[in-house]
Amino acid sequence: MLPQLMDQWHLMVEQDAGVYAGILKRDWMPVQGILEKRWLKTVLRDPRMGLFLTDDEIAGFERDLGAYDVLFDVDTIWCFDQFRDGDAYLEPGYRARFGLVLQGLEEKRELELEYQVRDGERMTGTFLPFRLEFSQKNDKFRLLCFRKGDLKPFTLNLAKVVDVRVGTRMDVVLPEHKAELVMVTCLVVDHRNAVDRALIHFADYKKKAFRTERENVFELVIYCTRGDLTELVIQILSFGPMMQVLEPASVVGEVKRRLERQLQL
């Protein structure tokens, strides 16, 4: 991004070798245009917004944006290869439990959870929340957390959380959640802003991007949990010939198998 920030957008200058600073001397106030207001009104129609805003807040924003039309309806978008048993975002109990989990994350508080394991079996305990994740393929939210006491890492589906109680503030510094990560290396051809689109599209993954010796070709390294590899492959395929997977071999093989199945249709 440095060439754009320095030469194209003129927002940063190099003070010393490898040390950069912004050139803006005072705060600036962004101005919302008509397109952005229409986008905001469109986003308000997403059923997941009710997990982060109250009904009164949504109604207030709807009144403020009453003079503007939405850009598209929710039913306009069809997510290919997505499971249909996603979380019940509009169910009052789910919204209430989600709100308590979100409060625990924001305020760094312990969470006393009751969790549906399998076949009616339930698990209870005190957990230290680390991060919320959303799976586009599964259409579900997951809570990454640690069990209090031994700091054993857990990944819990929010839909299976039966009861939540917010506890005291956490008095420990949590380590990195040790979900098994797979490093997926890709080449991205910068055609039709493919690099910018890829960086935005994979914003929820830990990643690194490098320029290569080939003109307009970038190397993108994405760190993905093993359980989310199928979802990542589907997202990579959406870029068509603009992205090529180099490694690991297992992901390259999965990409080839999916392409072969598509050719047989």
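We use all heavy atoms of the structure for the numbers below, so side chains are in, but hydrogens, waters and symmetry mates are not.
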Task: Lys207, NZ atom: more than 12 neighbouring heavy atoms under 6.0 Å - done: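 More than 12 heavy atoms, drawn from other residues, nucleotides or ligands, come within 6.0 Å of this atom.
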- [ ] Count the heavy atoms of every other residue, nucleotide or ligand shown that sit under 6.0 Å from CE of Met49, and state whether that count exceeds 12.
- [x]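 Yes, because the 6.0 Å sphere around CE of Met49 holds more than 12 heavy atoms from other groups.
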Is a salt bridge present between [X] and [Y], judged by a nitrogen-to-oxygen distance below 4.0 Å?
X	Y	value
Glu133	Lys140	no
Lys152	Asp150	no
Asp163	Arg165	yes
Arg95	Asp55	yes
Glu260	Arg257	no

When rounded to the nearest 0.5 angstrom, what is the spacing between [atom1] in [X] and [atom2] in [Y]?
X	Y	atom1	atom2	answer
Leu144	Thr155	CG	OG1	4.0 Å
Lys108	Arg169	NZ	CZ	10.0 Å
Glu231	Ser135	CD	OG	4.0 Å
Leu102	Phe52	CG	CZ	6.0 Å

Task: Qualifying residue, where the test is side chain to side chain contact (heavy atoms under 4.5 Å, CB included) with Leu246 and the options are Val184, Val251, Val221, Leu187 - done: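 Result for side chain to side chain contact (heavy atoms under 4.5 Å, CB included) with Leu246: Leu187.
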Return the minimal non-hydrogen interatomic distance between [X] and [Y], and the atom names on each side.
X	Y	answer
Gln116	Arg122	OE1-NE, 3.4 Å
Val70	Lys41	CG1-CG, 3.8 Å
Glu219	Thr212	N-CG2, 3.8 Å
Val166	Leu100	CG2-O, 3.7 Å

Task: Residue pair Leu105 / Phe130, side-chain heavy-atom distance below 4.5 Å - done: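 A side-chain contact is absent here, since even the closest heavy-atom pair is not under 4.5 Å.
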Open item on the list: Can you tell me how the ring of Tyr89 sits relative to the ring of Phe134, calling it parallel under 30°, perpendicular over 60° and tilted otherwise?
Closed with: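 Taking Phe134 first and then Tyr89, their aromatic rings sit tilted (interplane angle of 30° to 60°).
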Open item on the list: Is there a side-chain contact (heavy atoms from CB on, under 4.5 Å) between Val13 and Tyr20? Walk through the geometry before answering.
Closed with: CA-CA 6 Å; Val13 294; Tyr20 303 89; over 6 Å; no
Open item on the list: Do Gln235 and Tyr205 pair up side chain to side chain, a donor and an acceptor below 3.5 Å, judged on atom types alone?
Closed with: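 There is such a pair between these side chains.
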TODO: Please list, chain by chain and in numerical order, all residues satisfying side-chain contact (heavy atoms from CB on, under 4.5 Å) with Arg84, sequence neighbours excluded.
DONE: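 For Arg84 the side-chain contact (heavy atoms from CB on, under 4.5 Å) partners, ignoring immediate neighbours, are Trp78.
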Open item on the list: Walk me through whether Thr230 and Glu254 qualify under side-chain hydrogen bond (donor to acceptor under 3.5 Å, both in side chains).
Closed with: CA-CA 8 Å; Thr230 301; Glu254 179 63 20; 5.5 Å; no
